[in-house]
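Please read these numbers as outputs of a predicted model, since none were measured by experiment.
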Amino acid sequence: NLFSSECAKNMLFDNASLYLSEEQRDKIVNKSRSIHLGVIESSLGVAYDPSTTVPTIVYNHRLQGYKNWRTTFEVLDELHKEGVKFKVRFTSSTRENLAHIMKYPFVEVALGATREEYLENIKGCDLNVTNSSHETFCISAVESMAYGQPLVAPDGVTFPEITGRADNDYPYLFKNRNEQKDMLRRLLTDHAERQRWGKTLSDYVLTNFNHTIWAERMAELFEEYDEKVVVNVRADDAKEMFIEKMHEYDRKPFPEFYRAVCGTSVNGRTPFGQQSLPYSKASRLARRLGGSVAMVGGTQLIVSPK
């Protein structure tokens with residue numbers, strides 16, 4: 001059971017506790033893992049250069065109910081009426097509820113049809129804000145933080161996790177509307193503060209949520225899983241036949257090798273069959289016995305032991 005964050009994992013098990021015994025819950029927990037999404041490509045690692053004039057808040061979140069976007073824009077409107085200078089750049093790829101925020105004089109729209117256009121739209125902004133009450137990871141916030149933009153968000157769900165608060169004591173997660181307003185005012189009027197925490201967040205997400213580390217963690221998980229799936233061949237003659245077939249079909253398509261193994265008799269019996277040795281189990285057995293399976297041009301090939 002794979003989760004994109006500890007928050008997502010906890011959401012499931014908090015609810016599972018209502019319906020499952022503690023024993024059954026623990027069985028599922030013990031077969032679970034949290035691996036953060038790898039949403040950041042290396043090209044996002046750009047120098048952070050925040051605005052020193054009128055800062056721009058990027059709103060790259062959907063205008064949907066659980067995001068509590070109406071509250072976000074009400075708080076921003078209050079700050080604007082108090083004389084705090086800023087702009088809000090809305091970068092969603094949809095026009096859903098767009099008319100509701102266009103009434104605010106500080107809102108500009110930068111819709112993008114491609115990821116490249118979207119990243120270009122958020123890159124030049126200075127900070128990010130959301131009132132979302134339900135997030136399992138929040139990709140949009142992580143993308144924004146990669147560009148050195150401080151995040152003002154609720155002190156709950158996934159936000160302490162994706163900002164790295166346990167490691168860096170990130171201070172801009174609010175418990176109520178007044179705290180949110182004070183945090184926004186501080187960041188909008190203090191260029192050095194934006195720069196300080198923007199750099200901290202950028203370093204954190206680029207280190208922890210990039211493509212490479214995600215791939216490494218997934219590969220480790222597959223390797224660990226493979227070690228747990230024990231495939232034994234008790235009869236020496238069956239094992240010898242399997243190895244001989246690997247040598248015979250070396251660098252040939254794995255399905256051809258598999259059919260040969262399942263169709264070969266040893267001492268008057270057929271030790272392997274499609275039911276006792278399914279395709280995936282055969283590939284694990286090949287690795288156990290010193291061979292491997294290679295992917296070449298989209299085709300799996302059996303590779304014999306050296």
Side-chain angles (χ1 to χ4, degrees), residues 1-6 8-9 11-13 16 20 24-44 114-116 136-137 139 142 208-306:
N1 303 300
L2 189 60
F3 298 92
S4 61
S5 65
E6 283 297 309
K9 183 177 177 180
M11 283 173 58
L12 174 67
F13 292 118
L20 301 177
Q24 290 299 324
R25 180 186 178 277
D26 289 345
K27 286 182 179 180
I28 301 173
V29 170
N30 292 335
K31 293 182 180 180
S32 300
R33 182 74 57 85
S34 296
I35 296 181
H36 290 127
L37 296 179
V39 299
I40 304 300
E41 54 264 48
S42 58
S43 59
L44 267 66
T114 66
R115 177 164 175 77
E116 289 72 23
T136 56
F137 185 75
I139 294 172
V142 171
N208 290 279
F209 307 136
N210 63 70
H211 290 178
T212 301
I213 194 168
W214 175 85
E216 290 174 350
R217 287 170 178 167
M218 291 298 292
E220 289 172 0
L221 179 62
F222 276 102
E223 291 292 338
E224 180 182 323
Y225 175 76
D226 187 61
E227 290 299 319
K228 291 181 179 179
V229 181
V230 179
V231 183
N232 292 319
V233 183
R234 296 180 179 177
D236 289 339
D237 53 3
K239 183 185 299 184
E240 290 174 4
M241 181 272 286
F242 194 97
I243 294 174
E244 287 175 3
K245 291 300 178 184
M246 280 197 284
H247 288 300
E248 181 180 346
Y249 285 84
D250 185 39
R251 295 289 172 176
K252 291 183 179 180
F254 193 88
E256 294 181 14
F257 158 77
Y258 177 67
R259 287 193 293 270
V261 167
C262 292
T264 299
S265 296
V266 178
N267 296 330
R269 65 183 181 87
T270 304
F272 299 111
Q274 293 185 356
Q275 186 172 4
S276 63
L277 188 75
Y279 196 88
S280 59
K281 194 172 181 180
S283 67
R284 295 191 191 102
L285 180 55
R287 296 183 179 94
R288 287 278 185 274
L289 297 178
S292 63
V293 180
M295 181 70 75
V296 179
T299 300
Q300 283 186 312
L301 305 181
I302 183 68
V303 179
S304 67
K306 302 301 181 184

List the steps, then state whether salt bridge (Lys or Arg N to Asp or Glu O under 4.0 Å) holds for Glu41 with Arg115.
-> CA-CA 12 Å; Glu41 54 264 48; Arg115 177 164 175 77; 2.9 Å; yes
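- Looking at every heavy atom in both residues, Cys262 comes nearest to Gln274 through SG-N, 4.1 Å.
- Looking at every heavy atom in both residues, Gly38 comes nearest to His211 through O-CD2, 2.9 Å.
- Applying the salt bridge (Lys or Arg N to Asp or Glu O under 4.0 Å) definition to pairs two or more places apart or across chains, those involving residues 263-274 are Asp237-Arg269.
- Nearest heavy atom pair, residue Phe242 against residue Ala282, reads CZ-O, 3.7 Å.
- The line from CG of Leu12 to CZ of Arg25 is 9.0 Å long, rounded to the nearest 0.5 Å.
- The aromatic rings of Phe137 and His36 sit tilted relative to each other, their planes meeting at an angle between 30° and 60°.
- Each of Leu277, Ile302, Leu285 was scored for a side chain to side chain contact (heavy atoms under 4.5 Å, CB included) with Val261, with one residue passing: Leu277.
- Residue Glu248 forms a side chain to side chain contact (heavy atoms under 4.5 Å, CB included) with just one option from Lys245, Met246, Lys252, and that option is Lys245.
- Between the OG atom of Ser304 and the CG atom of Leu289 there is a distance of 12.0 Å, given to the nearest 0.5 Å.
- Smallest separation of non-hydrogen atoms from Ser276 and Pro271: OG-O, 4.3 Å.
- Using a 4.5 Å heavy-atom threshold, the side chains of Asp250 and Val303 count as touching.
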Report the C-alpha separation of Gln24 and Ile28 in whole Å, then their side-chain angles, then the decisive distance to 0.1 Å, and conclude whether the side chain to side chain contact (heavy atoms under 4.5 Å, CB included) test is met.
-> CA-CA 7 Å; Gln24 290 299 324; Ile28 301 173; 5.6 Å; no
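- Taking each heavy atom of Ser5 and Ser34 in turn, the nearest pair found is O-OG, 3.5 Å.
- Side chains of Gln300 and Tyr258: no donor on one and acceptor on the other come within 3.5 Å.
- Minimum heavy-atom separation, Phe13 to Ser32: CZ-OG, 3.5 Å.
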Determine, step by step, whether Val266 and Glu240 satisfy the side chain to side chain contact (heavy atoms under 4.5 Å, CB included) criterion, reporting the C-alpha distance in whole Å, the side-chain angles of both residues, the deciding distance to 0.1 Å, and the verdict.
-> CA-CA 10 Å; Val266 178; Glu240 290 174 4; over 6 Å; no
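- Rounded to the nearest 0.5 angstrom, Glu220 CD and Ile213 CD1 are separated by 8.5 Å.
- With rounding to the nearest 0.5 Å, the separation of CD1 in Ile139 from CZ in Phe209 is 11.5 Å.
- Here the OG-CH2 distance, from Ser4 to Trp214, works out to 12.0 Å after rounding to the nearest 0.5 Å.
- Here the CD1-CG distance, from Ile35 to Leu221, works out to 5.0 Å after rounding to the nearest 0.5 Å.
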